[in-house]
There are 2 protein chains.
Amino acid sequence: MSSPSTPARGRPPRLDRARTVQTALDLLDRSGLDALTMRRLAEAMGVQAGALYRHFATKQDLLTAMAERMMDGVTEAAAQTRGGDWTERLAALAHALRAALLARRDGARVFAGTHATGASVLGFADAVMGVLREAGFPAEDAARALYTLTNFTVGHTLEEQAALPWGDADPAGPAALADAVADGTYPHLEAGLPALTSADFTRLFEFGVGLLLEGLRARR
Amino acid sequence: MSSPSTPARGRPPRLDRARTVQTALDLLDRSGLDALTMRRLAEAMGVQAGALYRHFATKQDLLTAMAERMMDGVTEAAAQTRGGDWTERLAALAHALRAALLARRDGARVFAGTHATGASVLGFADAVMGVLREAGFPAEDAARALYTLTNFTVGHTLEEQAALPWGDADPAGPAALADAVADGTYPHLEAGLPALTSADFTRLFEFGVGLLLEGLRARR
DNA sequence: ACCTGAACACCGTTCAAGT
DNA sequence: ACCTGAACACCGTTCAAGT
């Protein structure tokens with residue numbers, strides 16, 4: 001048989017899925033999602049843009065492969081918490097998911113914009129379901145809890161990565177909020193302004209995960 | 001004085017912010033976010049693309065105005081629950097936010113991609129903060145609860161609107177999940193498959209909001 | 001088999017010039 | 001004051017032709 005692993009007969013290919021995804025992720029980190037174009041990626045690989053379509057049917061296909069690669073190791077990263085109880089293990093899984101998204105510039109946007117169903121994504125979902133079912137939750141509640149935890153984590157990290165480039169002339173930063181609130185129209189926002197503009201996203205994430213876990217505990 | 005409301009001296013303008021945002025939202029509903037281009041919007045308004053830049057500095061600016069318009073009336077929609085206790089009022093606000101996003105095609109994507117801080121958005125945030133502080137939460141926890149509720153709702157609705165066009169040849173639908181799980185590698189996913197592929201997003205959203213509210217109740 | 005070159009049908013944005 | 005016309009610097013994607 002002449003599989004792809006056969007010693008090259010002609011020229012060795014300059015392109016393959018793995019190397020291309022890796023280069024795309026590096027480019028993402030350097031320039032962000034908006035600057036990640038097929039043409040720039042091709043240039044980074046020393047090739048013409050059209051050549052990329054030998055390995056990826058569309059740009060969306062490439063982004064999905066990037067999302068799947070980003071998830072490699074999420075479950076393993078959370079597996080250290082084997083000793084803990086089920087709430088600690090769920091918290092560790094949620095933190096591992098956030099960390100995987102944060103590890104790449106615009107990681108949450110890439111993940112939210114694709115429907116990755118690779119082994120890492122399924123492995124993560126299976127791990128969450130396993131903890132929940134071991135804790136005694138019926139399959140229906142376990143499934144809903146999985147989606148809730150995932151959707152919250154993605155929603156939070158999307159906000160977190162969108163908020164990080166503040167401080168520039170971005171009209172949505174803390175200063176703009178303070179201005180908009182200053183006229184007394186929003187008394188409750190005014191009272192909470194310091195807390196609302198605090199950028200401690202890790203504590204905020206822990207707060208949200210904590211609420212979800214306490215809710216689950218109450219429901220068991 | 002010669003304000004914008006002065007009877008027109010020359011030709012009446014064919015463009016203004018309000019009409020443009022309205023047309024953009026209609027176009028969004030008909031064609032989706034990916035098909036919403038400045039050129040197509042200009043065509044729908046009987047004008048050249050460049051003319052739009054008299055009212056919006058960038059496309060991002062237009063999208064922000066669209067997000068703010070989408071939020072008009074969210075707080076009012078939830079205000080009917082005046083009689084209920086604080087958990088019911090928070091639930092009503094969360095449901096009103098989801099409803100506002102669902103009301104437009106790709107509404108969650110538009111909202112998540114902008115930093116809208118218009119009166120409607122601030123009014124919504126102020127209402128949530130008001131309920132929480134009346135319930136006795138300190139400003140810090142109230143602020144965190146506001147973000148948690150908002151981020152979960154946006155994350156959920158993003159998923160919900162991305163999942164709706166399933167059934168086509170989308171490789172991420174329920175059928176694909178069933179295939180991927182069929183080989184026994186993911187026992188917990190397999191056990192939860194019916195629940196995982198159920199598309200009852202309203203119940204799923206209620207479950208998530210319920211968890212958050214129970215968590216808040218436990219923390220009070 | 002793998003990639004080039006060139007095209008097709010678009011984009012967002014800018015700006016002198018018209019009315 | 002408001003809009004046109006035309007350009008600039010790009011896009012994603014396709015595909016005959018080369019090697």
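Worth saying up front: this structure is predicted, and the values here are computed from it rather than measured. By convention in this document, chain letters (A, B, ...) are assigned in the order of the sequence lines, proteins followed by strands, and residues within each chain are numbered from 1.
- Between the NE2 atom of A:His55 and the P atom of C:dC3 there is a distance of 6 Å, given to the nearest Å.
- Taking atom CZ of B:Arg14 as the reference point, atom P of C:dT19 lies 14 Å away to the nearest angstrom.
- Heavy atoms only, all atoms of each residue included: A:Ala96 and A:Ala77 are closest at CB-CB, 4.3 Å.
- You'll find that the side chain of B:Ala49 is closest to C:dT13, out of C:dT4, D:dT13, C:dT13.
- Counting only heavy atoms from C-beta on, A:Ala51 has its side chain closest to C:dC3 among D:dC11, C:dC3, C:dC11.
- Look at B:Arg144 and A:Asp200 and you find no salt bridge, because none of the NZ, NE, NH1 or NH2 atoms lies under 4.0 Å from a carboxylate O.
- No donor-acceptor distance shorter than 3.5 angstrom exists from the side chain of B:Glu159 to the backbone of B:Phe201, with no hydrogens or angles considered.
- Pairing for C:dG5 is with D:dC15, a Watson-Crick or G-U wobble pair whose two hydrogen-bonding atom distances lie under 3.5 Å.
- Rounded to an integer number of Å, the gap from A:Arg54 CZ to C:dC2 C1' is 5 Å.
- Spacing between atom CZ of A:Arg40 and atom P of D:dA9 amounts to 14 Å, rounded to whole angstrom units.
- D:dC8 and C:dC11 are spaced 12 Å apart, taking the C1' atom of each and rounding to whole Å.
- Straight-line distance from the OH atom of B:Tyr53 to the P atom of C:dA16: 17 Å, rounded to whole Å.
- Among the nucleotides D:dT13, D:dC11, D:dT4, the one closest to any side-chain atom of B:Val47 is D:dT4.
- With respect to the salt-bridge test (charged N to carboxylate O, under 4.0 angstrom), the residues A:Arg104 and A:Asp29 qualify.
- Ring planes of A:Phe205 and A:His156: tilted class, angle from 30 to 60°.
- Here D:dT13 presents its C1' atom at 14 Å from CG of A:Asp61, a figure rounded to the nearest Å.
- D:dC10: no Watson-Crick or G-U partner with both key distances under 3.5 Å is found in any strand.
- In this structure, B:Arg39 reaches the bases: a heavy-atom distance under 4.0 Å links it to at least one base atom across the strands shown.
- At whole-Å resolution of the value, CG in A:Leu41 and P in D:dG12 are 10 Å apart.
- In this entry the distance linking CD of B:Gln60 with C1' of C:dG12 reads 12 Å, nearest Å.
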